[in-house]
Undergrad: 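Sharing a structure here in structure tokens format.
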Amino acid sequence: MAIVLTSTGDARGEEPSASGGGITYEEQLRFTPPAPLRPTASRKGSGFLICWSPPQPLKEHVSAYDPAVVRYRVYALDANHNRIAIGETERACFLDERPAATTVMYAITAIQRSGHESALSADAVVPP
């Protein structure tokens, strides 16, 4: 059985087929970095400080692209999980100095030097 990413980005298990229909999870990792880990959000002044751990580098990365993560993109999420990119940073923390009233959580992606972007991290929930 292989994990296949559908056109909507969902992963599902299925038997490999000769017709193509998607790429395996392992193939996907050749072109995109893993997502950042353990994101948190905490109050800092009138804003929120979002921090995370960098993704673990892949042990075996066979790619024509440079696998180095060089920056992170931070997304604000509302209650319906709609997202808006609010900034990028090279560090593992980001200060949202003017959060929108609808922001209830954040998510982060890792971006490789080649420009490939990871899936969203787990959500960092805004403290009450």
Side-chain angles (χ1 to χ4, degrees):
M1 180 183 293
I3 302 294
V4 175
L5 297 178
T6 66
S7 61
T8 60
D10 298 328
R12 57 188 166 91
E14 69 176 34
E15 294 300 320
S17 68
S19 65
I23 62 173
T24 66
Y25 178 70
E26 292 78 12
E27 289 169 328
Q28 175 71 10
L29 287 178
R30 291 183 186 158
F31 300 103
T32 58
L37 304 169
R38 299 177 293 284
T40 60
S42 59
R43 292 192 183 280
K44 177 129 177 140
S46 61
F48 293 107
L49 181 64
I50 304 95
C51 293
W52 56 90
S53 296
Q56 295 296 316
L58 299 174
K59 292 180 180 158
E60 292 183 28
H61 189 85
V62 180
S63 172
Y65 301 103
D66 185 345
V69 171
V70 295
R71 67 184 185 278
Y72 301 93
R73 185 169 292 142
V74 180
Y75 292 90
L77 308 171
D78 65 16
N80 294 320
H81 224 262
N82 296 316
R83 67 182 180 194
I84 183 166
I86 59 170
E88 292 187 6
T89 182
E90 294 176 1
R91 299 194 166 137
C93 285
F94 179 86
L95 180 61
D96 185 2
E97 297 181 280
R98 297 183 175 253
T102 58
T103 300
V104 295
M105 61 192 108
Y106 295 90
I108 305 96
T109 59
I111 301 173
Q112 294 173 327
R113 186 172 287 119
S114 61
H116 292 107
E117 184 174 9
S118 74
L120 288 173
S121 68
D123 298 339
V125 179
V126 169

Undergrad: Testing the basics here: between Pro36 and Ala110, what is the closest heavy-atom pair and its distance to 0.1 Å?
TA: CD-N, 3.7 Å

Undergrad: Pairs under 3.5 angstrom only: tabulate donor-acceptor contacts from the side chains of residues 67-76 to other protein residues two or more places apart or in another chain.
TA:
unit_1, atom_1, unit_2, atom_2, d
Arg71, NE, Glu88, OE1, 2.7
Arg73, NE, Glu88, OE2, 2.7
Arg73, NH1, Glu117, OE1, 2.8
Arg73, NH1, Glu117, OE2, 3.3
Arg73, NH2, Glu88, OE2, 2.6
Tyr75, OH, Glu117, OE2, 2.8

Undergrad: Please round to the nearest 0.5 Å and tell me the distance separating atom CG of Asn82 and atom CG of Leu77.
TA: 8.5 Å

Undergrad: Rounded at 0.5 Å granularity, tell me how far CD in Glu97 sits from CG in Leu95.
TA: 4.5 Å

Undergrad: Only distances under 3.5 Å count here; give the side-chain donor-acceptor pairs of residues 37-51 to other protein atoms, sequence neighbours excluded, each with its distance to 0.1 Å.
TA:
unit_1, atom_1, unit_2, atom_2, d
Arg38, NH2, Ser53, OG, 3.3
Arg43, NH2, Pro127, O, 3.2
Arg43, NH2, Pro128, O, 3.3

Undergrad: Are any of the side-chain heavy atoms of Ile86 and Asp96 separated by less than 4.5 Å?
TA: yes

Undergrad: Can you list every ring pair (Phe, Tyr, Trp, His ring centres under 6.0 Å) pair that touches residues 82-115, not counting sequence neighbours?
TA: none

Undergrad: Applying the 4.5 Å side-chain criterion to the ILVMFWY set and letting contacts propagate, would Ile108 and Val125 be lumped into a single cluster?
TA: no

Undergrad: Hey, does Met105 have a side-chain heavy atom less than 4.5 Å from the side chain of Asp78?
TA: no

Undergrad: How close do Pro34 and Pro55 get, heavy atom to heavy atom, and via which atoms?
TA: O-CB, 3.3 Å

